[in-house]
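Below is one structure; the comments refer to it alone.
Because only heavy atoms are used, hydrogens play no part in the values below, and waters and symmetry mates are left out as well, while side chains stay in. All of these numbers come straight from a predicted model, not from anything done at the bench.
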Amino acid sequence: MAHINKLKFIKINDLVDEDYCLVGVPTYSDEMDDDLAGLFKSQNKKGNVGDLVFEITEECRIAYFGLGKFEERTPEDFRRAAGTLINHAIKNDFKNVAVECPAEEEEPYFCQAFSEGLILSSYRFLNYFTDDRANYSLKSITMVGSCNKSSAEKGVKIANAVCAARDLANHPGNVTTPTRLAEFAKEVGEKGKMKVTIFDREKFTKMGMGSFAGVAQGTNEPPKFIIMEYMNGPKSEKPIALVGKGLTFDTGGISLKPGLRMEEMKFDMCGSAIVLGVMNAIATLKPKINVVALIPSTHNMLGGSAMKPGDILTAYNGKTIEVLNTDAEGRLILADALAYASKHYKPSFMLDFATLTGAVVVTLGKIATGLMGNDQSLINRIQKSSDNTGELVWQLPLWKEYCDQVKSKIADVKNLGSPGQAGTIAGAAFLKEFVGENIPWVHFDVAGTSYHVENRSYIQKDGASGQVIRLVLDLIGV
Ligand code: BES
Ligand code: ZN
Ligand code: ZN
């Protein structure tokens, strides 16, 4: 992985002593003097977020980066402005960048957001280049001025966890295997004093996870069911459960996907990358809460023993499932994880994350994550965290009429809704069948927002975005 993983901090007076190639200076469009306004204007810019103009002095190159109007500034503006600056530095092979913090010490969340933007935008995935494209010139980022250091450092830790999760997702399916995800979970577990349990194929099949086992039976790559328990809160407090789809490659199975862009299906484990990213940040920040993570992980392949359309599977909660399309496998592996979490942890609430449907990309584009659940107040809280973190979500309804569409004529449920209708909601309607009674639950369909996201300066558009980790950390109070 290539990214800057820490910030340096210095007082403004010390700046000249250091050898910086680029010095970023925050600029509010309504607060600049005439000279600066003229500089922006000469390049047809106004100081909006994303605007960048330069002044070259003897010592260094000063970049004035726009933040829009002072009164209207948001944390997301700070992340995006940081991204513009760092992308410029990387594009021009600069080594050491200094940047004046645009927020005061008394504005901790702005400082956190700015440092998140700096680190997140410094990320590049260069692991497989053997030529000079592997060169990553950026060596350091230094924050200058009266920034709130502990908040900025919190932002760095969170962004580092996001970058590590991006890495997991960017490595291809022959590297990020279920075994690798299990290994990563163990590394995080050791760092954060978590209990990590891994069930292999034989074990989870015997335990009754027939739905997950059904998907995994078409591949020779060993599948894993990963459980992480972080219990650092009051003993009496029920844990929060996080469930992630760890589909390390989705061919579609016997209902084979078309070849075009099938390689993108290495990203089908991005739900699990969110969960591992959250647990990784928790391991570093050590909040006083109880959280359990559950990740069913397998390839979806079409080996000789693969499940077939029409097969009927029995899930961990005893419900029978008619498999009408082997490519709707995410919901099958999540079914057992949701049922297992409901039974063994009785969580205070449960969230699942999955690249579940192509339909959500049609509905919400690569802009927002689709949300559906059984508890409106939890969804409202998620909406609030979305506002804080700039990670966009949008709720879709989960009315009874939709839930009826996953009833099967021959088993309890089928893994498809009605043909050509509301595919994303059908996915959630199916999952709902495996959530224990009275457990608040929300499903995040991240198929559109997990990779190849455009127009976010702090997210490289080629590759995994790492989105939703920050939202969840905000929600659970980390
Ligand atoms: N992993 C896919 C969903 C997906 C599609 C993610 C495009 C990212 C981009 C999922 O397993 C799948 O194949 N879903 C099917 C469901 C259908 C068969 C009901 C889909 O969306 O086509
Ligand atoms: Zn699929
Ligand atoms: Zn899938």
For a quick check under 3.5 Å, do [X] and [Y] share a side-chain donor-acceptor pair by atom type?
X: Asp268; Y: Thr355; answer: yes
X: Ser377; Y: Asn380; answer: no
X: Thr251; Y: Asn300; answer: no
X: Asn455; Y: Lys461; answer: no
X: Asn170; Y: Tyr123; answer: yes
X: Asp352; Y: Trp441; answer: yes
X: Thr389; Y: Asp474; answer: no
X: Glu116; Y: Tyr458; answer: no
X: Gln395; Y: Gln383; answer: no

Of all heavy-atom pairs between [X] and [Y], which one has the smallest distance, and what is that distance?
X: Leu52; Y: Ala63; value: CD1-CB, 4.1 Å
X: Ala103; Y: Phe78; value: CB-CE2, 3.8 Å
X: Ser151; Y: Ser115; value: O-OG, 4.4 Å
X: Ile295; Y: Gly246; value: CG2-CA, 4.2 Å
X: Val453; Y: Gln467; value: CG2-NE2, 3.7 Å
X: Glu391; Y: Ile469; value: OE1-N, 3.9 Å

Measuring from atom [atom1] of [X] to atom [atom2] of [Y], what distance do you get when rounded to the nearest 0.5 angstrom?
X: Leu356; Y: Met372; atom1: CG; atom2: CE; result: 8.5 Å
X: Met231; Y: Lys195; atom1: CE; atom2: NZ; result: 9.0 Å
X: Phe184; Y: Leu276; atom1: CZ; atom2: CG; result: 6.0 Å
X: Thr248; Y: Met265; atom1: OG1; atom2: CE; result: 13.0 Å
X: Glu153; Y: Cys111; atom1: CD; atom2: SG; result: 11.5 Å
X: Met143; Y: Leu7; atom1: CE; atom2: CG; result: 5.5 Å

Check: Ser457 main-chain N/O paired with Asn87 side-chain donor or acceptor under 3.5 Å: yes

Donor-acceptor under 3.5 Å (Asp167 side chain, Phe125 main chain):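 Not at all, since once roles are kept as given, no pair shorter than 3.5 Å links the two residues.
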
Contact check, side chains of Val99 and Val23, non-hydrogen atoms, under 4.5 Å: no

Side-chain ion pair, [X] and [Y], N-O less than 4.0 Å:
X: Glu183; Y: Lys186; answer: no
X: Glu329; Y: Lys245; answer: yes
X: Glu454; Y: Lys366; answer: no
X: Lys191; Y: Glu187; answer: no

Residue [X] excluded, over 12 heavy atoms near [atom1] under 6.0 Å:
X: Lys149; atom1: NZ; answer: no
X: Lys286; atom1: NZ; answer: yes
X: Glu190; atom1: CD; answer: no

Selection residues 260-281 - residue pairs positive for ring-ring contact (aromatic ring centres under 6.0 Å, His included), sequence neighbours left out: Phe267-Tyr451, Phe267-His452

Candidate list Thr357, Thr369, Thr363, test side-chain hydrogen bond (donor to acceptor under 3.5 Å, both in side chains), partner Asp445, passing option: Thr357

Phe70 six-ring face occupied by Arg73 cation (under 6.0 Å, within 45°):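 Verdict for Phe70: a cation-pi partner in Arg73.
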
Pair Tyr128 + His171: ring centers closer than 6.0 Å: yes

Output field: ring centroids Phe54/His88 closer than 6.0 Å: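 They qualify: ring centres under 6.0 Å apart.
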
Counterpart residues, side-chain hydrogen bond (donor to acceptor under 3.5 Å, both in side chains), relative to Ser150 (two or more places apart):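 If we apply the side-chain hydrogen bond (donor to acceptor under 3.5 Å, both in side chains) test to Ser150, skipping adjacent residues, the hits are Asn148.
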
Selection residues 37-51 - residue pairs positive for side chain to side chain donor-acceptor pair (under 3.5 Å), sequence neighbours left out: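 As it turns out, there is no side chain to side chain donor-acceptor pair (under 3.5 Å) pair with a partner in residues 37-51 once direct neighbours are skipped.
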
Evaluation steps, salt bridge (charged side-chain N to carboxylate O under 4.0 Å, His left out), between Glu76 and Arg456: CA-CA 10 Å; Glu76 181 63 6; Arg456 290 283 187 108; 3.4 Å; yes

